[in-house]
Amino acid sequence: MNTATNPLPWYGLRIRSKHEHVAATVLRGKGYEPFLPSYRVRRRWTDRIKDSELPLFPGYVFCRMDVADRLPVLTSTGVVGIVGIGKKPEPIDEREIAAIWAVMRSGLPAMPWPFIHPGDRVQVESGPLCGVQGFVESFDDHQRLVVSVSLMQRSISVKLNPAWVTAQ
C-alpha cells in the first residue's frame, strides 16, 4: 500500500451477501482500488474436504475513492452503500487499513472476530506484525491480536506471541 501514489481515502462499502469477490472485481475493472482481505478455511462436506477463501469482513469491501464522485461505485454490481455516519460517507482511518495490510502480508492465520470496543491497546514491537496496534484477546489458550475498523464495528484476529507486544 503506497499512499504517495494514491492520495484518495479508503471507504468501507456495504456489499450484498456473498457478492464481495464480484464487487471487488467490478470495481477494479472500473479503475478503482478495492481491498478485499480474505482468509482460508477448510470445510468438510459429506463426500470431500474443500479449502475456501472467505472475506475477513463479510459484507464489506474497502475501496479508495473520491466520495464526491461516488455514483459509479454505488451502481457497481453488489454494492449496497458506503459506510458512514447517518447518510454521510466517512473514510476509514488509514492506520486501520495499514494494520489489516500488515496482517495480510504477515502470512499468519487470521480470521473474523467479534468487534470489541476500545479498551487496552497494544503495539507489536517485534515479529512479522511489528508496528501494528490492536487489542489482545485470549482464545483457545492462545493470545490473539485483534485489529479493528472502528467505523464499521468489525474486527479480525491473528495468533500472537505475547513476547512481541508492549502495552500502550
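Along the sequence shown, residues are numbered consecutively beginning with 1. All values derive from a computational prediction rather than experimental measurement.
- Panel note: side chain Glu20, backbone Gly59; a donor-acceptor pair is recorded below 3.5 Å.
- Rounded to the nearest 0.5 Å, atoms SG (Cys63) and CZ (Phe35) are 12.0 Å apart.
- The minimum heavy-atom distance between Ser38 and Met104, with the atom names listed, is O-SD, 3.7 Å.
- For the pair Leu27/Leu13, a side-chain contact is recorded, criterion being any heavy-atom separation below 4.5 Å from C-beta on.
- Note that CE of Met111 and CD1 of Ile156 are 11.0 Å apart. Values are rounded to the nearest 0.5 Å.
- Counting non-hydrogen atoms of other residues, nucleotides and ligands closer than 6.0 Å to NZ of Lys18 gives a total of 12 or fewer.
- In this structure, the side chains of Arg28 and Leu36 stay at 4.5 Å or more apart for every pair of heavy atoms.
- Side-chain contact between Pro128 and Leu108 is present, with at least one heavy-atom pair separated by less than 4.5 Å.
- Rounding to the nearest 0.5 angstrom, the gap separating the CD1 atom in Ile85 from the CG atom in Leu151 is 6.0 Å.
- Taking both residues in full, the closest heavy atoms of Ala23 and Ile15 are given as CB-CD1, 3.8 Å, listed atom of the first, atom of the second, then distance.
- At a threshold of 4.5 Å between side-chain heavy atoms, the hydrophobic network of Ile, Leu, Val, Met, Phe, Trp and Tyr places Ile92 and Val132 in one connected group.
- The main-chain N or O of Leu8 is found under 3.5 Å from a side-chain atom of Arg64 such that the two form a donor-acceptor pair.
- Taken together through direct or relayed side-chain contacts under 4.5 Å among Ile, Leu, Val, Met, Phe, Trp and Tyr, Phe62 and Leu74 form parts of separate hydrophobic clusters.
- Between Arg40 and Asp51, the shortest heavy-atom contact is NH2-CB, 3.9 Å.
- Atom-to-atom distance recorded for Arg95:CZ and Ser150:OG is 9.5 Å, nearest 0.5 angstrom.
- Looking at Pro112 and Leu56, their side chains come closer than 4.5 Å, going by heavy atoms from C-beta outward.
- In this structure, Tyr39 is not a member of the same hydrophobic cluster as Val61, with clusters built from ILVMFWY side-chain heavy atoms closer than 4.5 Å.
- No path of Ile, Leu, Val, Met, Phe, Trp and Tyr side chains, each step under 4.5 Å between heavy atoms, connects Met65 with Val22, placing them in separate hydrophobic clusters.
- Closest non-hydrogen pair, Pro72 versus Lys30, comes out as O-NZ, 2.8 Å.
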With side chain to side chain contact (heavy atoms under 4.5 Å, CB included) as the criterion, how do Val83 and Arg154 come out once you've worked through the C-alpha distance, each side chain's angles and the decisive distance to 0.1 Å?
CA-CA 12 Å; Val83 175; Arg154 296 287 187 274; over 6 Å; no

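- Smallest separation of non-hydrogen atoms from Leu129 and Val103: CD2-CA, 3.7 Å.
- One finds the OH atom of Tyr11 at 7.5 Å from the CG atom of Asp66 (value rounded to the nearest 0.5 Å).
- At least one side-chain heavy atom of Phe57 sits less than 4.5 Å from a side-chain heavy atom of Ile100.
- Atom CH2 of Trp101 and atom CH2 of Trp10 lie 6.0 Å apart (nearest 0.5 Å).
- Considering every non-hydrogen atom in both Glu96 and Val149, the closest pair reads OE1-CA, 3.5 Å.
- Checked by atom type and distance alone, the side chain of Arg14 pairs as donor or acceptor with a backbone atom of Ile82 at under 3.5 Å.
- Arg70 contributes a side-chain N or O that, together with a main-chain N or O of Val67, makes up a donor-acceptor pair within less than 3.5 Å.
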